[in-house]
Amino acid sequence: MTQRMNQGPSRRGFLSTAAALGMSAAAMELLAACGSGGAQPAATGAGPAGKPTRGGRLTVATGGAKGSDTLDPVLLNSAPVSFMARVLYDQLADFSNDLQYRLAMAELIEPNKAGDEWTIRVKDGIEFHNGKTLDADDVIFTFKRTFTQTGSVTVGKFKPYVDLDEIKKVDKRTIRMKLLRPNSTFHYALASPHKIVPVDFDPRNPVGTGPFKYKSFTANRQWVCERFANYWNADGESEPSDSAAPAGLGGKPYLDELVVNVINDDSARINALVTGQVDAINMVQFAQIPLIGQHQQLKLLESETGAWTGIYMNMEEPPFDDVRVRQALRLAIDRAQALSSCVSGHGRVAYDLPEPYAPGYPTELTRKRDIEKAKALLKEAGKENITVELVAGPVSAEAVSMATVLANNAAEIGITIKVRQVDTATLFGPQFHSWPFSVDKWPAQGNYLTLLALTDLSESTTLTHMPKADLDALRDLHDKALSTVDEAKRAELTKQMYQIQFDRGGWIIPFFANVVNAHHAKVAGWPKQDASGRSFGNAHFEQLYLTG
C-alpha cells in the first residue's frame, strides 16, 4: 500500500507562512502556482518510518532556469538543463563526482600512437527509451547533429578537431574517427557533456538512454520524468554516499517519477522546501543555510567544487582593452572579503584561474591585494577616475553579491563600477557574447584544455575576446598540449597557458564556492561529493530513494 507523505499546509496557510518569512507577493504567487494545478504533490512512499522503499515520486525545485530552456542536449545553457540532460541521456565516457575519468556507454575509446585517429566501440545491448538498441549509427548521428544544430554550445570542443567526413563505421558497434589534427585528450572532451541520442532524434519528444525517460516539459515551469525500466546501468556502481541504497531495492533507478519545478525566486524556493511543497532544492543562498538548520527534518547537501562564477572583461572594449586596467581590478578585489560576504565562507579563495582539479593547475600562482600598485597601473594607463557598468544576473547564488564586492573594492582605486542587475533572460540574451563587463558561471569540465576550447579559444562562445597575440600564443600551446601523449609534458604546457591567463587574461575569479542544496531527510542516497558543481549531487537521481 502506498501512503502519501505530508503535502504541506493549505494555500491560505502557506501564503501566511511565506509572508511571515518575508517573501514578495509575486514570489508567493509563483510558489503557490508551482504547488498546485500542473505541479505534482510532494514525494510519496510506503512502509514503516525510516524504512527504504522502492518507487514513489520525488519533487525538487530548481533555480537558474530560463524561458529559452529546452531538453535538447546540445543546448546546455542553464543549470537545470544541464542536470536534466544527465537524467535523460548518457555519454560514451564520463567523469565521476570526484572528476575521475571513466568509460560509460563505450567499452573502448582508444587513440593511435599519433593521437589523430580514435576508435570508439559502444557496449552491446544498451537500449534507448523507445526500444532502439544503441549502435555506431547513433554515435555518428550525434556528432553530425552537434555540428549542425543551430545554437549548439557543445560544438566548440569538437569543431577544431573533428572532420565529419572522416567518421567511418567499422561495424555495428564501432566507429573510427580521423581527426583534423592530433588530440591526445579527445577522450576527455567525450566525457565533458556529450549526450548520445538516437538517429532521427526529435527534441520535442526527447529519447535517450538515461535512467529516466521524458514524460512532460514546460519551459521555465516544470519537467516530469518517469523511471526507465531497461536502464543499461541499473546494476552499475553508484557514487559514494553516506546512505547507499540497500541491495534489496533492486536495480536503479529506485524512484518511479521525478518532478522538477522551476522556482527561480530564492526565497520562494527555500520556502517550498520548508513548507513541504517539494522534497529538495538547489542553489541554496548561503545566508539561508542557518534556516535549514532550524528544521530537524531538513538536511544540507554541500560539497567543495571546481565550479566557478567569474566576472569577465571584454578585452576588445575600452577600458578593458588595456591590460593594466585588467590587472588593476584583479589587484583591487579583496578575495577573503568576497569569500566571506558572498558565500559566508563556504568555499576557498581563487586567483582568477579556473578548473582547479585539472592536471597542471598552478597552485603557486597567487596574488595579494595591492591598492597602491593598482592605482599606479591606472595612472600609467591614463585611466584614473573612470566609470564602467557591470551587468550582473543570478547565474549563481553568489554572482550579484560578487559584483557588488568588486564595485566597493574598485572605488578604493578610483574606478566607479555601476552594477546593473538583470534577469537571466536579459543576461543570456542577444548581447551575452558582447557585454563589456559581466558575469558567467561554469561547472568544472575536469580538464582545462576542454574548458579553453569552450571559452577563450571558441570562435562563437568566447566572452573575453582575447587580443590576437595572446590568443595565438594560447592556441599554439593548446595545440602542442593536445599533440603530446606524455602527461607530464602536457601538464607543463598547461601551466604555460595558465600563466598567460594569470598575467593578461580577462577573468576575475575570487573564489570557488561550494555547491549547497537542501533536502528532506526522507530522501536518501545522495552522493557525498559534487566536484563539478552541477547541483543535486551532480544529478545522480537514479541512486536516490525514499524512506517511509
Asker: Do the non-hydrogen side-chain atoms of Val516 and Ile289 ever get within less than 4.5 Å of each other?
Answerer: yes
Asker: Do Thr62 and Val260 come close enough that some side-chain heavy atom pair is under 4.5 Å?
Answerer: yes
Asker: When you look at Asn220 and Asn264, which way does the side chain to side chain contact (heavy atoms under 4.5 Å, CB included) test go after all the steps?
Answerer: CA-CA 9 Å; Asn220 211 33; Asn264 283 326; 3.5 Å; yes
Asker: I'd like to know if Glu380 pairs up with Arg324 as an ion pair, taking the criterion as any Lys NZ or Arg NE/NH1/NH2 lying under 4.0 Å from an Asp or Glu carboxylate oxygen.
Answerer: yes
Asker: May I ask you to check whether Phe158 and Phe147 place their ring centres under 6.0 Å from each other?
Answerer: no
Asker: Would you mind reporting whether Asp163 and Leu179 have side-chain heavy atoms less than 4.5 Å apart?
Answerer: no
Asker: Are more than 12 heavy atoms, taken from residues, nucleotides or ligands other than Lys373, located less than 6.0 Å from that residue's NZ atom?
Answerer: no
Asker: Keeping the roles fixed (side chain from Thr305, backbone from Ala307), state whether a donor-acceptor pair exists under 3.5 Å.
Answerer: yes
Asker: Is His465 reaching over with its side chain to a backbone N or O of His433, donor-acceptor style, under 3.5 angstrom?
Answerer: yes
Asker: I'd like to know if the side chain of Thr309 pairs up with that of Glu398 as donor and acceptor (distance under 3.5 Å, no hydrogens or angles considered).
Answerer: yes
Asker: Classify the ring geometry of Phe186 against Trp118: parallel below 30°, tilted from 30° to 60°, perpendicular beyond 60°.
Answerer: tilted
Asker: Is it true that Asp322 and Lys383 have a side-chain N and a carboxylate O under 4.0 angstrom from each other?
Answerer: no
Asker: Could you check whether Asp472 pairs with Arg475 (Lys NZ or Arg NE/NH1/NH2 to Asp/Glu carboxylate O, under 4.0 Å)?
Answerer: no
Asker: Are side-chain heavy atoms of Leu390 and Trp435 found at a separation under 4.5 Å?
Answerer: no
Asker: Hydrogens and angles aside, do Asp266 and Gln285 bring a side-chain donor and acceptor to less than 3.5 Å of each other?
Answerer: yes
Asker: Look up atom CZ in Phe320 and atom OG1 in Thr464, then write down how far apart they are to the nearest 0.5 Å.
Answerer: 12.5 Å
Asker: With a 4.5 Å heavy-atom cut-off, do Gln501 and Leu474 have their side chains touching?
Answerer: yes
Asker: So, Tyr498 versus Phe502, ring centres under 6.0 angstrom or not?
Answerer: no
Asker: Quick one: sort the Phe536 and Phe541 rings into parallel, tilted or perpendicular, breaks at 30° and 60°.
Answerer: tilted
Asker: State the NZ-CG distance between Lys195 and Leu92, to the nearest 0.5 angstrom.
Answerer: 10.5 Å
Asker: Does the side chain of Glu355 come within less than 4.5 Å of Trp442's, by heavy atoms?
Answerer: no
Asker: Do Ile415 and Leu329 have side chains that get closer than 4.5 Å, going by heavy atoms?
Answerer: yes
Asker: So, do Tyr214 and His129 have ring centers that fall under 6.0 Å from each other?
Answerer: no
Asker: Do Met283 and Asn517 have side chains that approach each other closer than 4.5 Å (heavy atoms only, starting at C-beta)?
Answerer: no
Asker: Would you find a donor on one side and an acceptor on the other, under 3.5 Å apart, between the side chain of Ser341 and the backbone of Gln337?
Answerer: yes
Asker: Can you find a side-chain donor-acceptor pair between Glu304 and Asn514 that sits under 3.5 Å?
Answerer: no
Asker: Between the side chains of Asp72 and Arg204, is the shortest nitrogen-to-carboxylate-oxygen separation below 4.0 Å, so that they form an ion pair?
Answerer: no
Asker: Please report the C-alpha distance between Trp507 and Leu463 in whole Å, then the side-chain angles of each, then the deciding distance to 0.1 Å, and finally whether the side chain to side chain contact (heavy atoms under 4.5 Å, CB included) criterion is met.
Answerer: CA-CA 9 Å; Trp507 286 100; Leu463 298 173; 3.9 Å; yes
Asker: Do Gln445 and Ser192 pair up side chain to side chain, a donor and an acceptor below 3.5 Å, judged on atom types alone?
Answerer: yes
Asker: Return yes if a side-chain donor-acceptor contact under 3.5 Å exists between Asn538 and Asn97, otherwise no.
Answerer: yes
Asker: Just verifying a value: how many Å separate Leu477 CG and Thr494 OG1, rounded to the nearest 0.5 Å?
Answerer: 9.0 Å
Asker: Can you check whether Trp308 and Phe512 have ring centres sitting under 6.0 Å from each other?
Answerer: no
Asker: Quick check against the 3.5 Å criterion: does Lys157 have a side-chain atom that pairs as donor or acceptor with the backbone of Leu452?
Answerer: no
Asker: Do the charged groups of Arg86 and Asp94 touch, with an N to O distance under 4.0 Å?
Answerer: yes
Asker: How long is the straight-line distance from CD1 of Ile196 back to OG1 of Thr209, given to the nearest 0.5 Å?
Answerer: 8.0 Å
Asker: Set out, in order, the CA-CA distance, both residues' side-chain angles and the distance that settles side chain to side chain contact (heavy atoms under 4.5 Å, CB included) for Phe432 and Asp440, then state yes or no.
Answerer: CA-CA 10 Å; Phe432 180 51; Asp440 197 17; 3.7 Å; yes
Asker: Would you check if there is a donor-acceptor pair between the side chains of Ser483 and Arg181 at a distance under 3.5 Å?
Answerer: no
Asker: Examine the side chains of Asp530 and Ser532 and answer whether a donor and an acceptor come within less than 3.5 Å of each other.
Answerer: yes
Asker: To the nearest 0.5 Å, what is the distance between CD on Gln277 and CG on Asn271?
Answerer: 10.0 Å
Asker: Do the side chain of Ser340 and the main chain of Ser344 share a donor and acceptor less than 3.5 angstrom apart?
Answerer: no
Asker: Could you walk me through whether Leu406 and Asn408 pass the side chain to side chain contact (heavy atoms under 4.5 Å, CB included) check?
Answerer: CA-CA 5 Å; Leu406 179 62; Asn408 292 335; over 6 Å; no
Asker: Are Lys480 and Asp476 within salt-bridge range, i.e. N to O under 4.0 Å?
Answerer: yes
Asker: How many angstroms lie between OH in Tyr312 and CG in Asp456, if you round to the nearest 0.5 Å?
Answerer: 12.0 Å
Asker: Using modelled atom types and a 3.5 Å cut-off, is there a donor and acceptor pairing between side-chain atoms of Ser434 and backbone atoms of Gln431?
Answerer: yes
